Q: 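The structure under discussion is supplied below as structure tokens; questions concerning it will follow.
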Amino acid sequence: MTVPVRAALFDLDGTLVDSEVHTDAAVREIAARHGVAGFSLPQTETRGRTWGHIADAMRERGPIALGREALAEELLLLWDVLAADPTPVPGATEALREASRHLALGVVSSSPKPVIDRFLAKLGLAEYIAPDARIGGDAVARSKPDPEGYLLGARALKADPAECLVFEDSRAGLEAARAAGMRAVFIRCCAADIPGNMALATASIRDFRSLPPQFWPRIAEGSLDFAGQAYA
């Protein structure tokens, strides 16, 4: 037996929806608008990060004169257009529906809450995540890798951190889960730095179709020891 899981907390971008490619495109296009062609950021500066953090990283690495808040807003506006029709990570919608039968569910994202609301509605998943369990980057003073967002999610679901299981695709998110005292499953399909991120996680999956049979009821009852597993 292992500690039963009472609550699952999902990241959004790169975990439930394959939207990170649009982040890279937004960074590239906005930099070009401000005279910096061919600009890109390392994924450690974009995955699991707020638009404010991304704006800071762009201003540090390129001669972009626009202020932090204005640049972050411009990035988000373009990204909203690019990511208007979200593509779910394979198996994510089915997994979340099945998980809701056994666990309390929340979403903890560096994207602002209106983005969470819109994506959940477009994926037909809004009914499974209560509004107060949707923790956006606009709800925290300190974003991932700080644990604040995940601790807020646990509080909303009335779950102890040790009883929470996080699903993440980024180093910042996995570090946040670890700092919160939560177990974490790393989603490999849309991620970078696979070996490094696997080392931060309790277990990993290629995508949600890789979960073993009866995963959700077994973790809820504590009968599945998934630590160290890399599900293909």
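Just so it is clear, the structure is predicted and the values come from calculations on it, not from any experiment.
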Q: Within the side chain of Arg188, is there an N or O that forms a donor-acceptor pair under 3.5 Å with the backbone of Ile194?
A: no

Q: Of the non-hydrogen atoms in Leu157 and Ala7, which two are nearest, and what is the gap between them?
A: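 That closest heavy-atom pairing would be CD1-CB, 3.8 Å.
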
Q: Are Leu120 and Leu103 linked, directly or through intermediate hydrophobic residues, by side-chain heavy-atom contacts shorter than 4.5 Å (ILVMFWY only)?
A: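 As far as the 4.5 Å side-chain criterion goes, Leu120 and Leu103 are connected within one cluster.
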
Q: Where the side chain of Glu163 meets the backbone of Asp160, is there a donor-acceptor pair that is under 3.5 Å apart?
A: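 Flag set: sc Glu163 to bb Asp160 pair under 3.5 Å.
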
Q: Any salt bridge between Asp117 and Lys113, counting N to O under 4.0 Å?
A: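 Yes.
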
Q: What closest approach, in Å, do Arg33 and Leu78 show between heavy atoms, and which atom pair accounts for it?
A: NH2-CD1, 4.0 Å

Q: Measure across Gly67 and Arg59 and return the closest heavy-atom pair with its distance rounded to 0.1 Å.
A: CA-NH1, 3.5 Å

Q: Hey, what do you get for CG (Leu9) to SG (Cys164), rounding to the nearest 0.5 Å?
A: 5.0 Å

Q: Got a second to check how far Ile116's CD1 is from Ile135's CD1, nearest 0.5 Å?
A: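 If we round to the nearest 0.5 Å, Ile116:CD1 and Ile135:CD1 are 7.5 Å apart.
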
Q: Rounded to the nearest 0.5 Å, what separates atom CG in Leu105 from atom CG in Leu96?
A: 5.0 Å

Q: Check this for me: does any side-chain nitrogen of one of Arg47 and Asp193 sit under 4.0 Å from a carboxylate oxygen of the other?
A: no

Q: Below 30° counts as parallel, above 60° as perpendicular, anything between as tilted: where do the rings of Phe208 and Phe167 land?
A: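 Plane angle between 30° and 60°, so tilted.
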
Q: Looking only at the side chains, is there a donor atom on one of Glu74 and His34 sitting less than 3.5 Å from an acceptor on the other?
A: yes

Q: Do Arg171 and Thr44 have side-chain N/O donor and acceptor atoms under 3.5 Å apart?
A: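 There is no such pair between these side chains.
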
Q: Closest heavy-atom contact between Val108 and Gly153?
A: CG2-CA, 4.4 Å

Q: Would you indicate whether Glu73, at its atom CD, is surrounded by more than 12 heavy atoms from other residues, nucleotides or ligands within a distance under 6.0 Å?
A: no

Q: Give a yes or no on whether Trp79 and Leu123 share a hydrophobic cluster (residues Ile, Leu, Val, Met, Phe, Trp, Tyr; joining criterion: side-chain heavy atoms under 4.5 Å apart).
A: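 Same hydrophobic cluster.
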
Q: Taking a hydrophobic cluster as the set of Ile, Leu, Val, Met, Phe, Trp and Tyr residues connected by side-chain heavy atoms closer than 4.5 Å, whether directly or through intermediates, do Leu165 and Tyr128 fall within one such cluster?
A: yes

Q: Hydrogens and angles aside, do Thr15 and Asp169 bring a side-chain donor and acceptor to less than 3.5 Å of each other?
A: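 Asp169 and Thr15 do have a side-chain donor-acceptor pair below 3.5 Å.
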
Q: Given the rule that I, L, V, M, F, W and Y join up when any side-chain heavy atoms are under 4.5 Å apart, are Val17 and Leu75 in one cluster?
A: yes

Q: Can you get from Leu76 to Val140 by hopping between Ile, Leu, Val, Met, Phe, Trp and Tyr side chains that sit under 4.5 Å apart?
A: no

Q: Using the side-chain contact (heavy atoms from CB on, under 4.5 Å) rule, take Glu168 and Phe186 through it: C-alpha gap first, then chi angles, then the decisive distance, then the call.
A: CA-CA 5 Å; Glu168 267 285 359; Phe186 170 49; 5.8 Å; no

Q: Which pair of non-hydrogen atoms, one from Gly48 and one from Ala172, has the smallest distance, and what is that distance?
A: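 Heavy atoms only, the tightest pair is O-CB, 4.1 Å.
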
Q: So, are Asp80 and Arg118 salt-bridged, with charged N and O less than 4.0 Å apart?
A: yes

Q: Given Arg49, which partner from the list Asp13, Asp56, Ile54, Thr23 fulfils the side chain to side chain contact (heavy atoms under 4.5 Å, CB included) test?
A: Ile54

Q: Quick test of your reading of the model: are Glu98 and Arg101 salt-bridged, counting only N-O distances below 4.0 Å?
A: yes

Q: Hey, does the side chain of Lys144 reach the backbone of Tyr150 with a donor-acceptor pair shorter than 3.5 angstrom?
A: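 Not a single qualifying donor-acceptor pair exists.
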
Q: Please check: side-chain N/O of Thr202 versus main-chain N/O of Ala184, any donor-acceptor pairing under 3.5 Å?
A: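 Such a contact is found between Thr202 side chain and Ala184 backbone.
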
Q: Check this for me: Glu94, atom CD, are more than 12 non-hydrogen atoms of other residues, nucleotides or ligands nearer than 6.0 Å?
A: yes

Q: If you look at every heavy atom in Leu16 and Asp11, which pair is closest and at what distance?
A: CG-O, 3.5 Å

